[in-house]
Amino acid sequence: MLEAGRLVEDCGRAHTYDAEAVQAVIDGPDLVDAWLKEADESSIERRFGLPDANPFPEAARRTAEALAAKAALVSAHRASAVGEISGADRIAIEEELK
């Protein structure tokens, strides 16, 4: 959510828009909802000794990785949309100028 806020603020100031980054922000809550649904189903299945109707192996890890990937995409696209130079690029520029 931090990256989503930065996207809105920075793109608003620069009067830019990045559809792919916005879609990644929109997808975030859906990913969390899928994980919560699985956690709820698993809890009910354990409580009543039922078999797992919808297996979702390593749900928490996979969801966290997907969210991290979305955040990285939003961050990269935000920086690109507002013309921000990455730290690595700034250092490379400084090194070339010397």
Side-chain angles (χ1 to χ4, degrees):
M1 294 312 260
L2 176 63
E3 290 300 332
R6 291 180 70 200
L7 175 74
V8 170
E9 289 174 6
D10 290 350
C11 286
R13 271 195 296 269
H15 303 291
T16 60
Y17 178 81
D18 188 298
E20 190 175 2
V22 170
Q23 187 60 51
V25 171
I26 292 168
D27 292 343
D30 291 338
L31 293 170
V32 173
D33 187 50
W35 174 76
L36 288 172
K37 182 179 177 186
E38 172 57 26
D40 187 43
E41 287 177 1
S42 294
S43 176
I44 292 169
E45 290 162 349
R46 279 192 307 276
R47 173 182 258 179
F48 296 107
L50 301 172
D52 194 351
N54 299 305
F56 186 0
E58 302 180 26
R61 180 192 60 77
R62 290 170 57 196
T63 302
E65 287 176 358
L67 288 170
K70 295 286 184 188
L73 182 142
V74 170
S75 179
H77 282 245
R78 179 203 56 79
S80 176
V82 299
E84 183 177 287
I85 299 173
S86 73
D89 288 342
R90 286 182 189 176
I91 299 299
I93 291 167
E94 287 295 321
E95 290 172 343
E96 281 187 36
L97 291 175
K98 289 183 180 184

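- Applying the side-chain hydrogen bond (donor to acceptor under 3.5 Å, both in side chains) test to residues at least two apart or on different chains, the pairs with a partner in residues 89-98 are S86-D89.
- Linking Ile, Leu, Val, Met, Phe, Trp and Tyr whenever their side-chain heavy atoms come within less than 4.5 Å puts V25 and Y17 in one cluster.
- Nearest heavy-atom pair, A59 versus T63, reported as atom, atom and distance to 0.1 Å: O-OG1, 2.7 Å.
- The CG atom of L7 lies 7.0 Å from the CG atom of D18; values are rounded to the nearest 0.5 Å.
- Nearest heavy atoms, C11 versus V82: N-CG1, 4.0 Å.
- A donor-acceptor pair under 3.5 Å links the side-chain atoms of R62 to the main chain of P57, judged by distance alone.
- A salt bridge links R6 to E3: at least one charged side-chain nitrogen sits closer than 4.0 Å to a carboxylate oxygen.
- Here the closest non-hydrogen pair linking L31 and A66 is CD1-CB, 3.9 Å.
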Per-pair distances, 0.1 Å, donor-acceptor, side chain in residues 35-43, under 3.5 Å, sequence neighbours excluded:
| from | atom 1 | to | atom 2 | distance (Å) |
| --- | --- | --- | --- | --- |
| E38 | OE2 | S42 | OG | 2.7 |
| E41 | OE1 | N54 | ND2 | 3.3 |
| S42 | OG | E38 | O | 3.0 |

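- Using a cutoff of 4.0 Å between basic side-chain nitrogens and carboxylate oxygens, E58 and R61 are scored as salt-bridged.
- Shown here are the side chain to side chain contact (heavy atoms under 4.5 Å, CB included) partners of A24, two or more places apart in sequence or in another chain: K70, L73, V74.
- A 6.0 Å sphere centred on CD1 of I85 holds no more than 12 heavy atoms belonging to other residues, nucleotides or ligands.
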